[in-house]
Structures are given as structure tokens and as C-alpha cells.
2 protein chains.
Amino acid sequence: MRASSSIAPSNFRAPRALLAKTFTRPRPVAMLTPDTEIYAQGEASGVLYRIEFGAVKIYRLMADGRRQVIAFHFAGETFGFECGQVRSFFAECIVATGLTTVDMDDDGRFPADLMELALKEMVRAQEHLLVVGKQSAIEKLSVFLVDLVERQGGLDSVDIPMTRTDIGDYLGMTIETVSRSLSRLKSEGILRLRSNRSIEILSPNRLSRLASKPWIS
Amino acid sequence: MRASSSIAPSNFRAPRALLAKTFTRPRPVAMLTPDTEIYAQGEASGVLYRIEFGAVKIYRLMADGRRQVIAFHFAGETFGFECGQVRSFFAECIVATGLTTVDMDDDGRFPADLMELALKEMVRAQEHLLVVGKQSAIEKLSVFLVDLVERQGGLDSVDIPMTRTDIGDYLGMTIETVSRSLSRLKSEGILRLRSNRSIEILSPNRLSRLASKPWIS
DNA sequence: CGCTGAGTTGAAATAGCTCAACTCCTGTGG
DNA sequence: CCACAGGAGTTGAGCTATTTCAACTCAGCG
């Protein structure tokens, strides 16, 4: 499943005529290898990306070298919203990924269709806040896993494309704590580590009880 | 400066004709007393609010009773963005507050002018993530204070309209830790507590060094 | 076959939480 | 005008979860 070629994002800006605002397909697809940088903090913004397959992480670097992962995005999702002329975040492929682009209007605004997506992204960020603000590492990790399960269609077997470091930077904890929490869930029989990047949920109920949907109804 | 009357938000929905999309003033202003609930989790969404004066907190209640404050808003700011038909958050006045409303379009979308505001709100939420994800309590509080300073025009004297509990729920720490961190900043000569709700920044440099703008350039 | 990076596990250090006592401020009623 | 009550804030002491530092395992790959 490894892409055979890696095309820099700036090279595959599609002709405007091809970019229907109604998201009609097919559109040109760029194949990116793992760890490819899609855009960087400080670059000019303007293009939105839609993931055809694969996974992407959005993060920010701090002055002291720490990193905060803002979001993970998977197939079918759109990312790249910014409020200024300049990117505030980095976007990077986690695995082999196929991307298409969505341009802004001539006047520098987004098609109205995308308002909904931007708002959804806002709410997602705010809900992530609830998770990072939680005190317990087990809780955080459970919420993370339940979210992954749901986004992967509710199957027992969950793919974890990102590294422990990514997860730690996403949840605001060290990789050791991520690892220990996973081990704890394993030892309690809630999940099984099929491999480093794939787990099997043995007791979805107990997992989601740990995650305990923080928001009321 | 206490408002003489408190009008429930549902009572001051202005006639559509008055709500110019270009934000022309004057518009009807509702005066709300402190602790007035502007909207609640679960209510129908649709109206945006603009703060003429005062301060508002946006928060969410968790199933276990914990609270996460998502944002504070001050004069000149607009809040109330949602992605669904229903409010995900509570909005409540912190002090006496004057509000005006901005309706959505007939088709349930926001005027295009507001896209920018929504995106700004998204980025704000994502930056809040950086703060809550930080490990040190002193750092978190410093970032919070620096933000307040900037939003109040960079003066030495900062107004803290919210309680320690609000601050704690915003930064993801207990009120005791908020208090201890403030005392620490005080004992180090970085600030002075004029009163519980007003501080004087003695060394803005050292404060912002502690806050150490996490994002590079 | 050994190198490298990712992940795990252990032990000690520590930051923040919890519980509890206390102070301070403010508003109220005598 | 003063006394008092209640809420908000502060401070202390002990406890615990997470971080830190370090050693180790494991898997993939030249």
C-alpha cells in the first residue's frame, strides 16, 4: 500500500475548472508517502485538502521544541482551514495518503458549502479540549480509542497509524504514560495488542465506560 | 455599572430588518446582570451574539459534574457559533453585559461575512489546546494573563472579571493551583494583586517569557 | 546479523490534587 | 454604623498520578 511516487503539494494544484464546489468526483489525486509534509507553519494558506485514503496529522511546534498535535484526519475528511493568510500549523502524512484539493473563491473566501465543515472542525477542536483537560491518562486514552473505533466504522479491530509520540502529543502526556496506560488496558482484558499499530477491542463497553462521554446527552 | 434590568435572551430577538449583515449600528442592546444564562446546552441554536460591553464565558458540563470552560469573550467579540441545530455549550454572563444579536440567513446559513469570525474562533480553540496541553501550571496561567493583557489593550493593570473557579476550569487545573501559581508570580515580583479581581503586571517581560509564546514566529 | 528507531518497563522525583483550616471581602440586617 | 454570615480566595500538609531518567526488548531493514 506504499505509494510509488511522492508529489509535493504545490505541484498538484488542479486547474480551477476542475474544482467543482459541489465536490463532484473524479478529481486529481496526489499520492504522498508517509512523513511527507503537506504544508508548514508560515506558508501561504488558501488551499483545502480532502483525504481520499490514508491519514494526516495537524500539529504546531512550540518555541521550546514541544509539539502539540491538534488533530488527526482520515479518509473522507477535509482539512486546511485557516483564518489568516498564513498557515498556523503543520500538516504531515502519517501513512501513504491520497489527497485532492479544494480552492478558495476568487475573492479569497471559501465556498459557502464549506462553512459547515469549518464549524464542525471548530467543535471538534473544542471537544478535544475537554479530553486534554481531563485529569486521568486512562480516561484520555480511552476517549482517543473510542473515537478511533467510531471513525473506523465501529469494528473490534482498530488501526493505530500514528506513533506513540503522536498520541502523546495529541493527548498531552508522555509516550511512557501512553504506553503504560495501554498496558493497563491490556492487563485488564479490555483490549489486546495485535501489533504496535493494531489493537483489538475485547470489551467495547468497558472501554467506553472509561471514556465516559464527558458531554451530557 | 450594574445593569438595572435583566432581559432574557429569547425576549430581545430583533426584527430581521434591523439586523444588517454589514454590522451597521445602532442595534437593540440587551442588558444582562452577572450570572445570567444566555443559552444552555441542548437549546436550539441559530442566533449569534455580539458583546457591546461586559464579559461572557462559554462552557460545557460533563456527565460527572466536571466543567470545561471553552472560552471567555469580551466587548467587541462575537460568539454563539454551532455546527448543529442544537447548542453544545452554555453561555453565561460573568459581569453586567450588553448584547446584540446577529441572525442566520433564511436558509439556515450564516452570512458570508461571519466565515472569518468562525475561522478565528476555530483557531482560538486550537491555540487554547496548546495551553491546556502544556504541563506547567505557571506557564498556563502566564499565557492566560498575557492573553488578558493583550485583549485589554496592553495596559499594566488587568481586570480579572472571572472567578478562580472559572480560570481553573478554563486552564484545566484546580482553584488551589490557580491561587498558588498567582501567589508564586506575586512573590517573584512579576505582578501585584490590586484586589482579587484586578492585578498589576510589574514585569510584563518576565511574564511573557514564562508564557513563552508557544508558537514559533 | 547487527543496527536503529519504536515501544515497554522499572524506580525515583515531583508537580499538582485532595482535604482541611484559615483569611478576606462583601453584602445584609440589626 | 457595626456585626455577622457566606462566599471567594489563600495557604498548608500529605498523597498520588504522571513525569523523568534509564535500562531493556522488539521489529524491521540494510
Side-chain angles (χ1 to χ4, degrees), chain A residues 1-2 33-35 57 64-69 94-96 131-142 144-145 159-188 191-199 210, chain B residues 1-2 33-35 57 64-69 94-96 131-145 158-188 191-199 210:
Chain A
M1 170 78 170
R2 169 168 289 250
T33 52
D35 301 324
K57 64 185 171 196
D64 59 6
R66 275 176 301 179
R67 218 178 48 142
Q68 173 71 46
V69 173
I94 296 173
V95 293
V131 177
V132 174
K134 272 174 173 298
Q135 41 272 55
S136 153
I138 290 275
E139 266 179 308
K140 290 188 199 180
L141 194 68
S142 303
F144 171 71
L145 289 176
D159 232 47
I160 318 271
M162 62 290 287
T163 66
R164 301 288 188 268
T165 305
D166 289 337
I167 299 173
D169 288 346
Y170 180 67
L171 297 177
M173 54 207 237
T174 61
I175 59 172
E176 292 95 331
T177 304
V178 172
S179 182
R180 270 186 258 268
S181 303
L182 268 178
S183 301
R184 175 105 176 271
L185 291 178
K186 184 178 65 177
S187 76
E188 297 202 353
L191 53 79
R192 202 172 68 80
L193 277 80
R194 199 187 297 282
S195 83
N196 271 343
R197 301 302 176 84
S198 165
I199 66 174
L210 282 177
Chain B
M1 171 71 169
R2 168 168 290 249
T33 52
D35 302 324
K57 64 186 170 194
D64 59 5
R66 276 177 300 179
R67 217 179 49 143
Q68 174 70 47
V69 173
I94 296 173
V95 293
V131 177
V132 174
K134 272 173 173 297
Q135 41 272 54
S136 151
I138 290 275
E139 267 179 307
K140 290 189 199 179
L141 194 69
S142 302
V143 173
F144 171 72
L145 289 176
V158 188
D159 232 47
I160 318 269
M162 63 289 287
T163 65
R164 301 291 189 266
T165 305
D166 289 336
I167 299 173
D169 289 346
Y170 179 68
L171 297 178
M173 53 207 240
T174 61
I175 59 172
E176 291 96 331
T177 303
V178 172
S179 183
R180 269 186 259 269
S181 303
L182 267 179
S183 301
R184 174 108 175 269
L185 292 176
K186 184 179 66 178
S187 76
E188 297 201 354
L191 53 80
R192 205 172 66 80
L193 278 80
R194 201 188 293 284
S195 82
N196 271 342
R197 301 301 176 86
S198 164
I199 66 174
L210 283 177

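Keep in mind that this is a model prediction, so the values were computed, not measured. Here is how names work: the chains are called A, B, and so on, in the same order as the sequence lines, proteins then strands, and each is numbered from 1.
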(request) May I ask you to say what B/S195 touches in the nucleic acid, namely base, sugar-phosphate or nothing, with a heavy-atom cut-off under 4.0 Å? (result) nothing

(message) Any base atoms under 4.0 Å from B/L193, or only sugar-phosphate, or nothing? Heavy atoms, all strands.
(response)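 Counting heavy atoms under 4.0 Å across all strands, the contact made by B/L193 is with sugar-phosphate only.
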
If I take atom [atom1] in residue [X] and atom [atom2] in nucleotide [N], what distance separates them, rounded to the nearest angstrom?
| X | N | atom1 | atom2 | result |
| --- | --- | --- | --- | --- |
| B/I167 | D/dA8 | CD1 | C1' | 12 Å |
| B/L185 | D/dT11 | CG | P | 12 Å |
| B/L182 | D/dT10 | CG | C1' | 11 Å |
| B/N196 | D/dG7 | CG | C1' | 11 Å |
| A/D169 | C/dG7 | CG | P | 12 Å |
| A/D35 | C/dA6 | CG | P | 9 Å |
| B/R164 | C/dC25 | CZ | P | 12 Å |
| B/L141 | C/dA15 | CG | P | 16 Å |

Taking [Y]'s backbone N and O only, do any of them form a donor-acceptor pair with [X]'s side chain (distance below 3.5 Å, no angle check)?
| X | Y | answer |
| --- | --- | --- |
| B/R66 | A/K134 | no |
| A/Q68 | A/D169 | yes |
| B/S142 | B/I138 | yes |
| A/S179 | A/I175 | no |

(message) For a quick test of reading the model, state the closest non-hydrogen atom pair linking B/S198 to B/D159 and the distance between them.
(response) CB-OD1, 4.5 Å

(message) Restricting to non-hydrogen atoms, name the atom on A/D166 and the atom on A/V69 that form the minimum distance, rounded to 0.1 Å.
(response)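 Scanning both residues completely, I find the closest heavy atoms to be O-CG2, 3.8 Å.
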
(message) Assuming nearest nucleotide by heavy-atom distance, tell me which of B/V178 and A/K140 is located more 5' along DNA chain D.
(response)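 Between the two, 5'-proximity favours B/V178.
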
(request) Answer yes or no: does a side-chain N or O of A/R197 lie under 4.0 Å from OP1 or OP2 of D/dA27? (result)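 Answer no for this pair, as no side-chain N or O of A/R197 is under 4.0 Å from OP1 or OP2.
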
(request) Mark yes when over 12 heavy atoms from residues, nucleotides or ligands other than B/R194 sit less than 6.0 Å from its CZ; otherwise mark no. (result)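 Check passes, neighbour count above 12.
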
(request) Treat primed atoms plus P, OP1 and OP2 as sugar-phosphate and everything else as base, then score nucleotides 16-23 of chain C 5' to 3': B for base contact with protein heavy atoms under 4.0 Å, S for sugar-phosphate contact only, - for none. (result) SSBB----

